[in-house]
There are 2 protein chains.
Amino acid sequence: MTEQVKKKAPVRRRKEARPQELTAAALSLFVEKGFAATRLDEVAARAGVSKGTLYLYFDSKEALFLAVIREGIVPIIDEGRKLLVAHADDPVRMLREYLFGWWSLFGATELGGVPKLMTSEAQNFPEVAQYYLREVIQPGKALMQAVLDRGVAKGVFRPTDSALVTHILMAPLLHLALWRHSFAVCCQVPDMDPQAYLETYFDLVLKGLAAAPEGGV
Amino acid sequence: MTEQVKKKAPVRRRKEARPQELTAAALSLFVEKGFAATRLDEVAARAGVSKGTLYLYFDSKEALFLAVIREGIVPIIDEGRKLLVAHADDPVRMLREYLFGWWSLFGATELGGVPKLMTSEAQNFPEVAQYYLREVIQPGKALMQAVLDRGVAKGVFRPTDSALVTHILMAPLLHLALWRHSFAVCCQVPDMDPQAYLETYFDLVLKGLAAAPEGGV
DNA sequence: GATAAATAACTGACTGGTCAGTTATTAACT
DNA sequence: AGTTAATAACTGACCAGTCAGTTATTTATC
């Protein structure tokens with residue numbers, strides 16, 4: 001050991017990307033097995049560290065949960081908002097971007113398991129649920145409601161209770177995400193093509209919202 | 001104590017309704033706190049017995065889970081089927097009965113928490129999930145698909161991929177049920193009236209499915 | 001109809017394993 | 001040397017599942 005041997009290269013420890021690695025590992029395990037059934041030893045192992053290390057970055061299992069949501073989801077909202085303004089003059093196009101964008105940016109990724117996770121655990125972790133409601137659901141709703149209202153103002157959509165309709169319109173997307181993270185995994189379903197599902201759904205919605213009896217896009 | 005005093009009435013032990021009392025207690029707790037977070041001591045206490053007694057009737061926690069589904073849900077399917085045939089000649093009316101009936105018979109009751117429960121736990125309990133898929137989801141889907149196909153045959157609905165549409169149409173109902181058992185409970189939501197939600201939704205669906213451009217029911 | 005024997009329903013203390021969270025120790029780097 | 005990062009062994013609470021023992025109810029016997 002005349003000089004520092006090159007153990008360091010293969011080891012490559014002590015990064016500051018550690019929290020992200022941990023939240024990423026936690027996300028996939030939480031989504032896969034649920035919060036309660038996920039052991040912190042597993043999370044740490046998947047991130048390539050020990051459980052003690054996990055506690056250097058997060059105070060508790062619940063704090064890790066909150067971080068998973070915060071790091072994983074909140075950035076997506078802003079990204080989605082930016083994509084939307086690109087078509088601000090065409091409500092039908094905006095709605096399409098919203099729904100399909102939600103799916104490709106969120107639902108189809110690993111984050112698509114988060115609605116299942118949040119729904120399951122909302123009652124057990126009210127603070128996380130409130131955070132999610134405030135930072136994710138409500139902004140998302142507001143965004144879609146703006147799209148709908150604009151469509152009505154332009155005479156493209158018929159008037160509706162847009163607060164209710166935002167909920168209703170999100171449901172099939174959420175359902176698809178939940179399905180893929182529950183029954184689709186454990187039962188061998190005769191599979192459901194997301195793209196066909198989305199197209200069929202969007203078609204239904206457009207006809208359901210259309211303003212004029214024989215209106216056309 | 002000249003003759004047998006009526007001690008029996010207040011005591012009222014040794015019933016054979018015991019399993020039902022246990023599954024009822026388990027249902028409400030599973031729905032409220034999730035499967036993993038529910039302790040069997042609690043279930044037993046809510047049913048007014050000890051944990052040992054619970055094990056006289058059910059082999060394991062998972063067996064109790066399966067019983068909850070079997071006893072609670074499967075009977076509802078048949079009941080629903082009977083209600084439907086009453087309007088077999090009017091597809092629009094049938095669809096309305098289906099959706100509103102689902103809500104009043106199932107979604108609005110304590111059983112409305114079961115979708116949340118099943119979604120959360122499907123991956124952890126594949127056998128229960130497969131049972132639920134086979135005995136609940138698939139029959140329910142088949143029933144609605146029949147309604148849709150009949151509507152198309154009668155020229156009331158436009159042709160669609162009815163297998164996909166059944167999924168899509170169920171989503172807002174499931175979403176409402178999930179919502180009421182998650183965020184609605186823990187966050188004080190600005191409340192969402194189920195009746196208004198259902199009416200708005202049904203209106204949207206009918207216009208989305210209508211066959212003729214200016215068709216009218 | 002009483003008394004005793006047999007059985008069915010039930011209990012709660014106990015066990016064994018699990019797992020969130022802690023801490024004493026070691027390795028890495030400056 | 002001292003400081004920081006990481007670990008692995010440890011602790012203690014928790015809980016599904018068990019079982020020896022208790023209490024209620026029925027059946028048998030006189």
Side-chain angles (χ1 to χ4, degrees), chain A residues 1-23 25-26 29-30 32-68 117 121 124-125 127-128, chain B residues 1-23 25-26 29-30 32-68 117 121 124-125 127-128:
Chain A
M1 287 193 188
T2 54
E3 57 181 359
Q4 294 173 352
V5 191
K6 289 171 188 172
K7 292 181 213 165
K8 213 176 67 180
V11 174
R12 101 173 191 38
R13 278 172 179 166
R14 306 225 295 99
K15 297 173 64 176
E16 267 317 317
R18 204 34 61 79
Q20 282 180 11
E21 293 170 6
L22 284 163
T23 52
L29 282 166
F30 286 168
E32 182 184 330
K33 321 175 59 163
F35 179 81
T38 298
R39 280 164 296 134
L40 290 187
D41 283 306
E42 261 181 300
V43 174
R46 185 168 293 197
V49 297
S50 72
K51 188 170 61 167
T53 300
L54 193 156
Y55 274 90
L56 295 177
Y57 298 102
F58 303 99
D59 289 345
S60 67
K61 198 180 182 186
E62 181 169 355
L64 177 63
F65 186 12
L66 191 62
V68 164
L117 181 60
E121 302 296 344
N124 295 330
F125 301 96
E127 293 186 13
V128 182
Chain B
M1 290 192 189
T2 54
E3 56 181 1
Q4 296 175 347
V5 190
K6 290 168 188 171
K7 293 181 214 166
K8 216 172 66 180
V11 173
R12 94 174 199 34
R13 274 176 178 166
R14 308 224 296 96
K15 295 174 67 175
E16 268 317 317
R18 205 32 62 81
Q20 282 179 12
E21 295 170 4
L22 284 163
T23 52
L29 283 166
F30 286 168
E32 181 184 332
K33 319 175 60 162
F35 180 82
T38 297
R39 292 188 306 271
L40 290 187
D41 282 303
E42 261 181 299
V43 174
R46 186 169 292 197
V49 296
S50 72
K51 188 167 60 166
T53 300
L54 193 156
Y55 274 90
L56 296 176
Y57 297 102
F58 303 99
D59 289 344
S60 66
K61 199 180 180 186
E62 180 168 357
L64 177 62
F65 186 11
L66 191 62
V68 165
L117 183 60
E121 303 296 344
N124 296 330
F125 301 96
E127 294 186 13
V128 182

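When reading the values below, keep in mind they use all heavy atoms of this one structure, side chains included, and skip hydrogens, waters and symmetry mates. Just so it is clear, the model here is predicted, and its values are computed rather than measured. Per chain, numbering begins at 1; letters A, B, ... match sequence-line order.
For Ser60(A), the listed nucleotide lying nearest its side chain is dG21(C); candidates were dA6(D), dA16(D), dG21(C). Closest to the side chain of Ser50(B), out of dG12(C), dT18(D), dG21(C), is dG12(C). Proximity note for Val49(B) (side chain, C-beta onward) versus dT11(C), dG17(D), dT7(D): the nearest is dT11(C). Listed candidates were dA20(C), dG17(D), dA6(D). Nearest to the side chain of Tyr55(B) is dG17(D). The Tyr57(B) side chain lies nearest to dC10(C) when the options are dG17(D), dG21(C), dC10(C).
Proximity of Tyr55(B) to Leu40(B): side-chain heavy atoms (C-beta onward) are separated by under 4.5 Å at one or more points. In this structure the side chain of Lys33(B) reaches within 4.5 angstrom of the side chain of Glu42(B), judged on heavy atoms. Counting heavy atoms from C-beta outward, Pro19(A) and Leu22(A) have side chains that stay 4.5 Å or more apart.
Of the residues in residues 32-42 of chain B, those placing a heavy atom less than 4.0 Å from an atom of DNA chain D are Thr38(B), Arg39(B), Leu40(B), in numerical order.
Between its two ends, the helix from dG1(C)-dC30(D) to dT30(C)-dA1(D) turns its axis by 10°, counting five pairs per end and rounding to 10 degrees.
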* When you look at Val128(B) and Glu121(B), which way does the side-chain contact (heavy atoms from CB on, under 4.5 Å) test go after all the steps? -> CA-CA 9 Å; Val128(B) 182; Glu121(B) 303 296 344; over 6 Å; no
* Would Thr23(A) and Phe58(A) count as a side-chain contact (heavy atoms from CB on, under 4.5 Å) if you check the C-alpha gap in whole Å, the side-chain angles of each, and the deciding distance to 0.1 Å? -> CA-CA 10 Å; Thr23(A) 52; Phe58(A) 303 99; 3.7 Å; yes
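Between Leu64(A) atom CG and dG21(C) atom C1' the separation is 13 Å, expressed in whole Å. When the P atom of dT11(C) is taken as reference, atom CG of Leu56(B) falls 9 Å away, rounded to whole Å. One atom, CZ of Phe65(B), and another, P of dA16(D), lie 14 Å apart when rounded to the nearest Å. Distance Lys51(B) NZ to dC14(C) P: 14 Å, rounded to the nearest Å. Atom-to-atom, NZ of Lys61(B) to C1' of dT18(D) comes out at 17 Å; the value is rounded to the nearest Å. Atom CG of Leu54(A) is separated from atom P of dA8(D) by 15 Å (rounded to the nearest Å).
Looking at Thr53(B), its side chain never comes within 3.5 Å of a backbone N or O of Val49(B) through a donor-acceptor pair.
Distance check, rounded to the nearest 0.5 Å: CD of Glu127(B) to CZ of Phe65(B) gives 12.0 Å.
Shown here is Gln20(B), whose CD atom has no more than 12 heavy atoms of other residues, nucleotides or ligands within 6.0 Å.
Taking the six-membered ring where the residue is Trp, Phe35(A) and Phe125(A) present perpendicular rings, their angle passing 60° and hence far from 30°.
Phosphate contact (OP1/OP2 of dA5(D), side-chain N/O of Thr53(A), threshold under 4.0 Å): absent.
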